[in-house]
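Taking it in order: structure first as structure tokens, then the write-up.
All values below come from the heavy atoms of this structure, side chains included, with hydrogens, waters and symmetry mates left out. Numbers for residues simply follow the sequence, beginning at 1.
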Amino acid sequence: MTFILLFAAGLLGGMINSLAGGGSFVIFPALLFAGVPPVLANASNTYACLPGYVSGAVGYWRHIAPYREKLIGYSMIGLVGGYLGAEALMRISDAQFSVIIPWLMAFAVTIYIFGTRINRWLASRSSGSRHAARAGAIGLGLLLLAISFYGGFFNAGLGIVLLAWLALAGYTDVHAMNGLKLLISVVVSVAAVVRFALTGSIAWVEGSVALAGAVVGGFAAAYFSHLVPAKMIRGFVIVYGVGLTLYFFWTTYS
């Protein structure tokens with residue numbers, strides 16, 4: 001029964017990631033409810049979401065290719081930040097992580113709800129990546145490092161935060177932004193998963209069941225995407241995410 005739950009959660013999470021983003025809001029709590037300890041559940045969620053990032057980045061490669069000269073720099077920052085975030089996660093206990101889960105969920109859901117508005121606001125105030133680079137390349141690099149750290153520590157909401165960063169960096173092509181978001185997510189997640197794997201901090205069986213569901217769900221959603229409005233999926237994720245966040249606050253602090 002547990003495996004059916006995890007596969008179903010992966011299936012739904014993969015579909016949501018493919019259509020609107022936010023699949024971690026389904027997969028991560030499913031791993032918790034399946035009895036996986038909080039820190040392992042978080043690490044296993046990153047592992048389960050990784051194939052979706054890879055397939056998405058491959059699909060967007062033609063939009064990413066024009067910016068290939070930036071990929072080495074972004075990848076190096078993503079690797080360092082992702083690894084450090086994973087390292088930080090490995091240094092806290094399940095009890096400590098359980099206390100901050102509601103706050104991480106609240107942050108991720110808030111970013112998910114208002115991410116589009118934030119991106120538009122940042123894009124409207126950016127005069128192009130060249131200007132942004134001149135004005136504060138070091139600041140942008142440090143901000144990407146912080147975002148990558150967050151992604152290595154807690155995967156949920158990473159894509160939305162990366163889109164906001166890309167808008168701040170002056171990108172305006174939405175397809176290139178989505179591609180770069182996915183590529184950086186791949187790098188961050190690979191660094192984190194390697195760190196988790198080195199210390200046996202991934203629930204391989206439960207995580208792999210969710211991963212299999214996510215792969216199937218992602219492909220199914222891509223095939224049937226014309227039948228389901230993305231706005232409807234996004235609305236579901238918001239309602240579900242807010243309800244789940246309130247549940248975590250209630251169970252943690254009541």
Check your understanding: Are Y83 and L183 connected, step by step, through hydrophobic side chains (Ile, Leu, Val, Met, Phe, Trp, Tyr) whose heavy atoms are closer than 4.5 Å?
Key -> no
Review point. Does one hydrophobic cluster hold both M15 and V239, with members joined at side-chain heavy-atom distances below 4.5 Å?
Key: no
Heavy-atom distance under 4.5 Å between the side chains of [X] and [Y], does that happen here?
X: F248; Y: P29; answer: yes
X: L143; Y: I147; answer: yes
X: F3; Y: V205; answer: yes
X: M76; Y: I72; answer: yes
X: N42; Y: L32; answer: no
X: F154; Y: I101; answer: no
X: M177; Y: K181; answer: no
X: V209; Y: I4; answer: no

Work out which heavy atom in [X] is nearest to a heavy atom in [Y]; give both atom names and the distance.
X: S75; Y: V187; answer: O-CG1, 3.3 Å
X: A86; Y: A192; answer: CB-CA, 3.7 Å
X: I27; Y: C49; answer: CD1-SG, 4.2 Å
X: G78; Y: S148; answer: CA-OG, 3.5 Å
X: S189; Y: N155; answer: OG-ND2, 3.6 Å

For [Y], is there any backbone N or O sitting under 3.5 Å from a side-chain donor or acceptor partner on [X]?
X: T252; Y: F249; value: no
X: Y253; Y: V99; value: yes
X: Y240; Y: F25; value: yes
X: S44; Y: A203; value: yes

Check your understanding: Judged by modelled atom types alone, do Y67 and D173 share a side-chain donor-acceptor pair under 3.5 Å?
Key -> no
Exercise for review: Assess whether atom OH of Y247 is packed by more than 12 heavy atoms of other residues, nucleotides or ligands within 6.0 Å.
Suggested key: no
Check your understanding: What do you reckon, is CH2 of W61 surrounded by more than 12 foreign heavy atoms closer than 6.0 Å?
Key -> yes
**Study point:** Test log, rule ring-ring contact (aromatic ring centres under 6.0 Å, His included), inputs F107 and Y150
**Key:** CA-CA 11 Å; F107 173 77; Y150 167 81; 5.3 Å; yes
Check your understanding: Between CG of L163 and CD1 of I184, what distance do you get to the nearest 0.5 Å?
Key -> 9.5 Å
Check your understanding: Could you state the interatomic distance from CG (L40) to CG (N45), rounded to the nearest 0.5 Å?
Key -> 12.0 Å
Practice item. Output every pair passing ring-ring contact (aromatic ring centres under 6.0 Å, His included) with a member in residues 189-213, not counting sequence neighbours, ordered by first then second residue. Key: Y47-W204
